[in-house]
Each structure stands twice: as structure tokens, then as C-alpha cells.
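When reading the values below, keep in mind they use all heavy atoms of this one structure, side chains included, and skip hydrogens, waters and symmetry mates. Letters A, B, ... mirror the listed sequences (proteins, then strands); counts begin at 1. Nothing here was measured: the structure is a model prediction, and the numbers come from that model.
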Number of protein chains: 2
Amino acid sequence: MAETTHRNVIDLVAPPHACRHCGLLQLCDHGQVTTPAIEQLSAIVRHRVPLARGAALFHEGEPFRSIYVVFSGAMKTFTCSYDGDEQIVAFYLAGELVGVDGVHTGSHGSSAVALDRASVCEIPFEKLETLAQDIPGLLHQMLCMMSKEILQDEETMLLLGKKTADERLASLLLSLARRFREQGYSAQEFHLPMSRDDIANYLGLAHETVSRLFSRFQRQGLLTVRGKHVCVNNLAQLEILAGVPGAGAKTGRAGQII
Amino acid sequence: MAETTHRNVIDLVAPPHACRHCGLLQLCDHGQVTTPAIEQLSAIVRHRVPLARGAALFHEGEPFRSIYVVFSGAMKTFTCSYDGDEQIVAFYLAGELVGVDGVHTGSHGSSAVALDRASVCEIPFEKLETLAQDIPGLLHQMLCMMSKEILQDEETMLLLGKKTADERLASLLLSLARRFREQGYSAQEFHLPMSRDDIANYLGLAHETVSRLFSRFQRQGLLTVRGKHVCVNNLAQLEILAGVPGAGAKTGRAGQII
DNA sequence: CGCTGCTTTGAACAACTTCAACTTCTGTGG
DNA sequence: CCACAGAAGTTGAAGTTGTTCAAAGCAGCG
């Protein structure tokens with residue numbers, strides 16, 4: 001895989017940072033797909049489309065043509081109820097896949113907006129499907145990614161259906177921390193890409209509640225919060241709050257930092 | 001199973017009732033797949049596996065090998081939080097696809113249980129993937145079904161995140177009514193396959209609240225409820241409650257009751 | 001026929017929201 | 001570089017919605 005042909009293949013074969021964790025490219029990690037396949041894939045991708053903060057990648061109801069991988073920055077997707085209010089469905093960080101909910105109806109089921117300056121790679125879906133016909137690993141990878149999305153949604157439903165406000169915020173923070181770490185950033189100290197309002201919306205709470213929770217978590221020594229900058233001071237306790245299995249057991253050992 | 005190959009094909013080519021609406025078979029409606037492909041598909045399916053009320057089809061964490069289509073009856077799937085309580089993720093009626101959330105991790109992300117006497121068709125996933133490699137329409141159909149699941153999940157998140165108790169129950173009833181109609185049953189009068197507890201769990205409410213809502217909806221003339229038997233008396237009003245677009249318009253100017 | 005589990009109803013309570021006021025950031029133009 | 005305006009965030013107090021606890025009514029089933 002190291003022997004590369006030139007052109008835009010370079011982006012993918014020697015990934016600068018985000019590509020390394022790109023959902024679609026994980027196939028090469030698994031050795032299921034050979035270099036020519038990656039070249040084919042790369043040839044149909046529109047790389048690093050830049051997005052300003054607040055810019056929409058697509059709107060709910062628009063015809064579905066492509067899926068996207070976040071290359072840098074962060075995005076949110078949301079659905080609108082008929083009386084106008086939004087429900088944020090998910091946040092996406094670099095390497096994560098956005099926009100797969102349009103396959104069934106042929107139009108996007110949600111809107112996607114950049115949370116800050118961001119860039120995405122656009123993958124025309126029809127071409128991807130054609131390609132998947134020839135590359136066995138790719139088909140599996142596509143199903144995998146959609147399955148992952150479903151899994152994530154199920155987790156969110158558990159959060160919205162059963163968890164208290166404390167548990168919801170703790171769960172979100174841990175999820176973000178884990179995903180930052182997956183990208184090679186610190187899981188202990190990070191910058192929230194979204195506003196309090198967005199967090200509240202996603203968690204099904206009022207933004208005042210979220211604000212109060214941050215203050216309380218800080219008072220309790222769980223976090224140090226300074227605007228959007230968050231530092232996790234007591235991971236073990238945060239995990240207990242979020243309901244992570246076995247989180248209580250570890251605290252005896254002076255709070256192992258996973 | 002091996003000796004029944006001929007009959008299997010017949011089941012699918014001349015579907016008795018549920019098969020007509022089977023998520024996987026919708027490809028033939030669209031003319032994308034020819035009869036031989038359906039025969040291939042049918043050959044790998046284990047047809048009409050019977051399930052007693054309360055029987056589990058699979059448990060969360062079990063290795064993922066197959067997906068299932070409900071042939072008759074109804075199912076629920078749920079995830080468990082670490083402190084033990086369940087969140088019902090979805091209800092499935094005849095023709096609907098269960099169990100696609102296991103592709104990514106290789107183990108089921110939720111448990112599936114029959115709500116009453118039910119039967120399902122089991123489709124080994126690996127074989128299906130292989131088949132999809134040869135049948136273009138099938139690949140698309142698989143992606144479609146998963147995308148549909150994601151869409152449904154997004155709707156549920158909106159429900160759990162933003163809707164009031166009234167809106168939640170109204171939404172569920174309308175969803176069930178629509179799906180019963182899709183199967184050729186009455187959308188106005190039907191039998192709820194699940195308990196009040198299950199409804200409450202799914203809607204993120206206490207079961208007492210659901211009970212009170214049913215009573216109030218009946219008092220308000222929206223429904224006639226007798227245990228699990230439900231008759232919708234004022235569909236328009238129920239749609240307004242659930243927030244269906246344009247539902248107010250249909251009732252005429254008089255309909256601005258909310 | 002008398003369980004046992006499901007459902008309904010009432011009353012007190014808790015969690016979260018709403019409303020309102022205030023503070024802190026951020027970006028823009030002088 | 002500072003001043004200012006608007007947005008975002010914080011905090012308090014009152015208000016709602018839905019929960020919890022408790023008890024009674026029903027239905028299906030051995």
C-alpha cells in the first residue's frame with residue numbers, strides 16, 4: 001500500500017491526519033481492499049470541500065446524491081418537526097460519516113450544518129454503489145458504517161428515553177472525549193465545537209439546565225470549564241455518572257485514566 | 001430445510017400475505033430483480049421460524065449472524081443501560097426488518113423479543129452479502145432498508161427529545177395505524193400488540209402517564225380504548241396533536257382547537 | 001376461584017422548564 | 001487598541017409537567 005501512484009491518491013495513501021481515521025478508508029486497515037480499489041475510490045471523491053461556520057452541507061428534503069466524510073472541524077445534523085423546532089440528531093467530528101439517511105427516500109432526512117470552519121469529502125453515492133458492486137470489502141464497509149450509525153442512534157435513544165440530565169451531559173462529554181482520543185487528540189482536555197444551545201438541544205434539555213450542569217460539575221470537581229474549553233478532572237466519577245459499566249470498581253485504584 | 005427448496009420459492013413468488021410487504025422483496029416490485037434472483041434469495045432464507053410470546057430472537061451482545069423479517073405477529077427490540085433498565089428502541093410489525101444493528105461490531109446491539117405469538121424469516125447475513133455482490137438491486141435494497149431504519153430512529157429521537165407526552169402517544173398511535181394499513185389491516189381500529197409498560201418505555205414515560213393519556217384521549221373523544229383494542233374516532237385531531245403537517249387545514253377553519 | 005400480573009386512578013413530590021435579569025464573550029468599526 | 005452592540009452564557013425564583021408512591025379494579029389462567 002505504500003507504493004503509491006500520484007494524483008489525488010496521495011491524499012488517501014499518505015493521509016495527513018483525518019484520512020487516517022476516515023470511515024470509508026478503514027477497509028484498508030482490515031486488509032480487505034487492495035490499493036487499486038482505494039485508487040478507484042479516491043477517483044470519485046471530491047476532496048476537502050471547505051465550509052464556513054454555520055454553512056449548510058445539505059438541507060432536509062433536498063435530493064440525496066452524495067454522502068460526506070468530515071475531514072476537519074465538526075458538523076451537526078438535525079431534523080425539524082412540523083411546528084418548527086429542531087432536534088439535533090448527531091454531532092460529527094473528523095473522520096465520521098454524514099448523510100446516509102437519504103438512501104431510502106432519495107432525499108435527505110435531516111439537515112447538516114458546520115459547527116465551525118470545517119471541510120468535508122464528498123462521495124457521490126451512485127458511483128459508490130457501482131464501485132461496491134466490484135469491491136467486496138467496500139460493500140461490507142458501507143453496511144458497517146450504516147450499522148454503526150444505527151448503533152449510535154440507539155444509544156442516543158437510551159439517553160433521551162431513560163437518563164437524567166446529569167447522566168445525559170456526562171454521557172455526551174465521555175463520547176466526545178473518546179472520539180477526540182480516536183483522532184489522536186487529548187481525551188482529557190478539549191474544545192467543545194458546539195454551543196450550549198446545541199448541547200441542550202441534542203440532550204433534550206433547556207440550555208439553562210445545561211449551563212447549570214456545567215457549573216455544578218465544576219463545583220463538584222469533575223470538570224474545569226472555561227467557555228467551550230473543557231478539562232476532565234475526575235474521569236472515574238464522570239463515568240459513574242454516565243453509567244459506564246464497572247466505572248465504580250476502578251475508583252478504588254485511584255481513578256485509572258483510560 | 002434442504003428438501004423444501006421448491007416450496008420456498010413458491011412462498012416468495014406467490015406471497016401469501018406478509019411476503020407481499022417484505023422489506024427485502026420490495027425489489028421485485030421495482031422491477032430491478034428478476035425471478036432467478038428471488039429464487040437465489042429464497043434459497044438462503046429460513047422461512048417462518050415460530051416464536052412464542054416473550055421469546056427472544058436474539059440477545060444484545062450475541063454474535064451477529066442473520067437479519068430477520070417479521071412474517072407474522074410483532075416484535076420489540078431494546079437496549080440495556082448498565083444499571084439494568086431497558087430502552088425499547090423500536091416495535092416491528094409484519095414485513096419489517098429486524099436486527100441490522102449488528103453489522104458493525106459483529107454482535108447484536110440490541111435484544112429482540114416477540115410481543116405475542118410471532119414468526120420470522122431468517123436471512124444469514126454473510127450469504128446475503130455474497131448474493132448482493134451479484135445482484136445490483138439487492139445491494140441497493142439493503143442500503144435502503146438500513147437507511148429507513150436510521151430515518152425511523154431520527155424520528156424517534158425527535159419524539160423523545162422535543163415532544164410532550166400527548167404528542168408522543170399520538171405519534172405512536174398514528175405510526176402504528178399507518179403501518180397496519182400498509183399491511184392491509186384497518187388503520188382506524190386495531191389491536192395493540194404491546195403492553196402499556198412497553199408503550200411507556202418506548203415513549204420515555206412512566207406507564208401511569210400512558211394510562212392516564214389513554215383515559216384522557218378517550219374522554220376527549222379521540223379514541224375508544226378497551227384494553228389493547230383501540231378505535232380512532234377523531235383522526236384529524238390526533239394528527240394535530242402529533243404535529244402532522246397540514247393536519248389543521250383538513251378539519252376546516254373550525255379545526256383550530258389546539 | 002383465587003391467584004398473579006396488568007391497568008387505572010389519586011395525591012404528593014421532584015426534576016426540569018420558563019421567565020427574567022444579569023454577566024461574559026466576540027467580533028466590528030472607529 | 002478600545003468601545004460598543006449583539007450574541008452566548010450564567011444564575012435565581014416561580015411554575016409545569018411528568019414521576020413516584022400507594023391503592024384499588026380487572027383480566028387471564030392454572
Side-chain angles (χ1 to χ4, degrees), chain A residues 52-54 74 76 83 85-88 113 115-117 159-173 191-220 222-230 241 243, chain B residues 52-54 74 76 83 85-88 113 115-117 159-173 191-220 222-230 241 258:
Chain A
R53 175 198 171 95
K76 65 176 173 182
D83 50 1
D85 56 16
E86 300 175 1
Q87 169 68 38
I88 294 180
V113 163
L115 289 169
D116 47 20
R117 182 180 295 275
L159 181 145
L160 292 172
K162 294 283 170 292
K163 295 192 179 183
T164 64
D166 300 38
E167 293 167 341
R168 292 183 200 194
L169 184 58
S171 299
L172 175 61
L173 290 172
H191 185 85
L192 295 170
M194 69 293 280
S195 69
R196 297 285 190 272
D197 235 327
D198 282 340
I199 293 176
N201 184 310
Y202 173 70
L203 297 179
L205 300 169
H207 71 268
E208 293 95 329
T209 304
V210 171
S211 196
R212 273 183 260 270
L213 286 172
F214 270 118
S215 302
R216 183 152 58 75
F217 281 6
Q218 178 152 251
R219 237 180 293 131
Q220 295 172 335
L222 301 181
L223 306 173
T224 307
V225 188
R226 178 101 190 129
K228 295 188 172 175
H229 187 89
V230 172
L241 247 181
Chain B
R53 174 198 172 95
K76 65 175 172 181
D83 49 3
D85 56 18
E86 300 175 1
Q87 169 68 39
I88 295 180
V113 163
L115 289 169
D116 47 20
R117 180 180 297 273
L159 181 146
L160 291 173
K162 295 281 171 292
K163 296 192 178 182
T164 64
D166 300 38
E167 294 168 340
R168 294 183 199 193
L169 184 58
S171 299
L172 174 62
L173 289 172
H191 185 85
L192 294 171
M194 70 293 282
S195 69
R196 297 286 190 269
D197 234 327
D198 283 339
I199 293 175
N201 184 312
Y202 174 70
L203 296 179
L205 300 168
H207 70 267
E208 293 95 328
T209 305
V210 170
S211 196
R212 272 183 258 270
L213 285 173
F214 271 118
S215 302
R216 183 152 57 76
F217 281 5
Q218 177 152 252
R219 238 179 292 130
Q220 293 172 337
L222 301 180
L223 306 173
T224 306
V225 189
R226 178 98 191 131
K228 296 190 171 174
H229 187 89
V230 171
L241 245 182
I258 259 212

Would you call R216(A) and D166(A) a side-chain contact if the rule is heavy atoms closer than 4.5 Å? yes
Checklist entry - Does atom CZ of R53(A) have more than 12 heavy-atom neighbours, drawn from other residues, nucleotides or ligands, at distances under 6.0 Å? => result no
From NZ of K228(A) across to C1' of dC25(C) the rounded distance in Å is 10 Å
In this structure, CG of L213(B) is separated from CD of E208(B) (nearest 0.5 Å) by 11.5 Å
Among the nucleotides dT17(C), dT7(C), dT19(D), whichever has the atom closest to the side chain of A206(B) is dT19(D)
The nucleotide from dT7(C), dT20(D), dT9(C) with an atom nearest the side chain of H207(B) is dT7(C)
Whole-Å distance, L213(A) CG to dA15(C) P, equals 12 Å
Sequence neighbours excluded, the answer for side chain to side chain donor-acceptor pair (under 3.5 Å) partners of T224(B) is N233(B)
#### Entry: Polar side-chain contact R212(B)-dG10(C) base: donor and acceptor under 3.5 Å
yes
Winner on side-chain proximity to S215(B), out of dT8(C), dT19(D), dT7(C), is dT8(C)
note: N201(B), atom CG; dG18(D), atom C1'; distance rounded to Å ~ 16 Å
Exercise. Hey, is the side chain of E208(A) pairing donor to acceptor with the base of dC16(C) inside 3.5 Å?
Worked result: no
Closest to the side chain of T164(A), out of dT17(C), dT19(D), dC16(C), is dC16(C)
Original post:
Would one find a side-chain N or O of T209(B) under 4.0 angstrom from OP1 or OP2 of dT19(D)?
Top reply: yes
On DNA chain C, more 5' by nearest nucleotide between D166(A) and R226(A) is D166(A)
Here the distance between atom P of dA27(D) and atom NE2 of H229(B), to the nearest Å, is 15 Å
- OP1, OP2 of dG9(D) versus side-chain N and O of S211(A): anything below 4.0 Å? no
With the side chain defined as heavy atoms from C-beta on, A165(B) is closest, among dT11(D), dC16(C), dG18(D), to dG18(D)
To the nearest angstrom, the CZ-C1' distance between R219(A) and dT10(D) comes to 11 Å
Self-check item: Side chain proximity check, F214(B) to L223(B), heavy atoms < 4.5 angstrom
Solution: yes
note: R196(B), atom CZ; dG28(D), atom C1'; distance rounded to Å ~ 15 Å
note: F214(B), atom CZ; dT9(C), atom C1'; distance rounded to Å ~ 16 Å
Here the distance between atom P of dT10(D) and atom CG of L169(A), to the nearest Å, is 11 Å
